[in-house]
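Inspection log for the structure reproduced underneath, given as structure tokens.
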Amino acid sequence: MARPVIVKLGGSVITDKSKPFSYRSDVVSALAEEIASSDEKALVVHGGGSFGHTVAQQQGVSSDVAAANAFAVSKTRAAMSELNSLLCKTMMENKLYPYTFSPFDAVAKAGKARVWQWLRGLLKSGLTPVTFGDVTLRPAGLKILSGDLIVLELAKILEPERCVFALDADGVYEEGTRVIIPELSPSKIRKMQVPRGEDATGGMKLKLEVAAKIAALGPLVCFVSGYRRNEFSKALRGLEFYGTIVRS
Ligand code: IP8
């Protein structure tokens, strides 16, 4: 089997972050259609958008701050499950057959070789493994694990061909401008000053840190607009696209 592609569908692409619980079925539909019509074996990780992040903020839980009580954890996870089931429904309408797995940390503990074999089996069966940012138990309590970090963990296990991040921007911009940086290296990223953003996780700063680590392992990382389906499709298929590519 060819090496898979990991696709991260950003929360601000698949939802409208300015309105709580607003799912963008038209955008997800277009992206799902592109994945289904490509020959790529894709795994999908999605973010929290106006579902997970809205509740996380209300409940005061983040990737730094542990949940104060069990209610906050269940409430945040319920919002993520709700978004996940909407996304899975849209995928199926576009002939993409999702297999959601969660929580990621339990899976990861099964060991790299077994997870690789398991995910490969799902892909071979024509399924699209799907997972999402979650609330996970860490030594310091129940905190949010961003979908971006899940992409990194999956990249370590699967050694994908590339990781494609569908964003609500055209790629990575030169500081303070709308000028796209076509190519970045891990060392260039380490020298960049990027604000953290207001998410319960790490925003663009975290995405770039993750991209630098993935590219250092070998796979290419593509940052592309999730609203430009043709550019997304090209990035997915390994063709030249409008956006930012990260390679070491
Ligand atoms: O949007 C956040 O995932 P991300 C997940 O990928 C939750 O950072 C639970 C808000």
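Atoms within each ligand, like the ligands themselves, are counted from 1 in listed order. What you see is a predicted model, and the numbers here were worked out from it, not measured in a lab.
- Criterion: ILVMFWY side-chain heavy atoms under 4.5 Å apart, direct or through other members. Under it, I6 and V246 are part of a common hydrophobic cluster.
- Close approach of ligand 1 to G52 is summarised as follows: ligand atoms under 4.0 Å from at least one heavy atom of the residue are 10 (C).
- Note: no N/O pair closer than 3.5 Å links A56 and ligand 1 by distance alone.
- Per-residue contacts place G47 under 4.0 angstrom from the following atoms of ligand 1 (heavy atoms of the residue considered): 1 (O), 4 (P), 6 (O).
- Which parts of ligand 1 touch K8 is read off a 4.0 Å heavy-atom cut-off, strictly below it: atoms 6 (O).
- For the residue pair Y97 / S125, no side-chain donor-acceptor distance below 3.5 Å is found, with atom types taken as modelled.
- Checking R237 against S233 by side-chain atom types alone, a donor-acceptor pair falls below 3.5 Å.
- Interface atoms of ligand 1 facing S146, defined by a heavy-atom separation under 4.0 Å, are 3 (O), 4 (P), 6 (O), 8 (O).
- Residue contacts with ligand 1, taken as heavy atom pairs separated by less than 4.0 Å, involve M80 solely via side-chain atoms from C-beta onward.
- Only the side chain of T76 comes within contact range of ligand 1, with a heavy atom under 4.0 Å; no backbone atom does.
- Rounding to the nearest 0.5 Å gives a distance of 3.5 Å between OG1 of T100 and CG of N84.
- Scored by the salt bridge (charged side-chain N to carboxylate O under 4.0 Å, His left out) test, K156 finds E153 as partners (sequence neighbours excluded).
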Checking E159 against K112 for the salt bridge (Lys or Arg N to Asp or Glu O under 4.0 Å) test, could you report, in this order, the C-alpha distance in whole Å, the side-chain angles of both residues, the deciding distance, and whether it holds? CA-CA 11 Å; E159 291 157 7; K112 181 176 162 161; 3.8 Å; yes
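- Using a 4.0 Å cut-off between charged nitrogen and carboxylate oxygen, K213 and E209 do not count as a salt-bridge pair.
- Using a 4.0 Å cut-off to heavy atoms of G147, the atoms of ligand 1 that qualify are 3 (O), 4 (P), 6 (O), 8 (O).
- Every N/O-N/O distance between D134 and ligand 1 stays at or above 3.5 Å.
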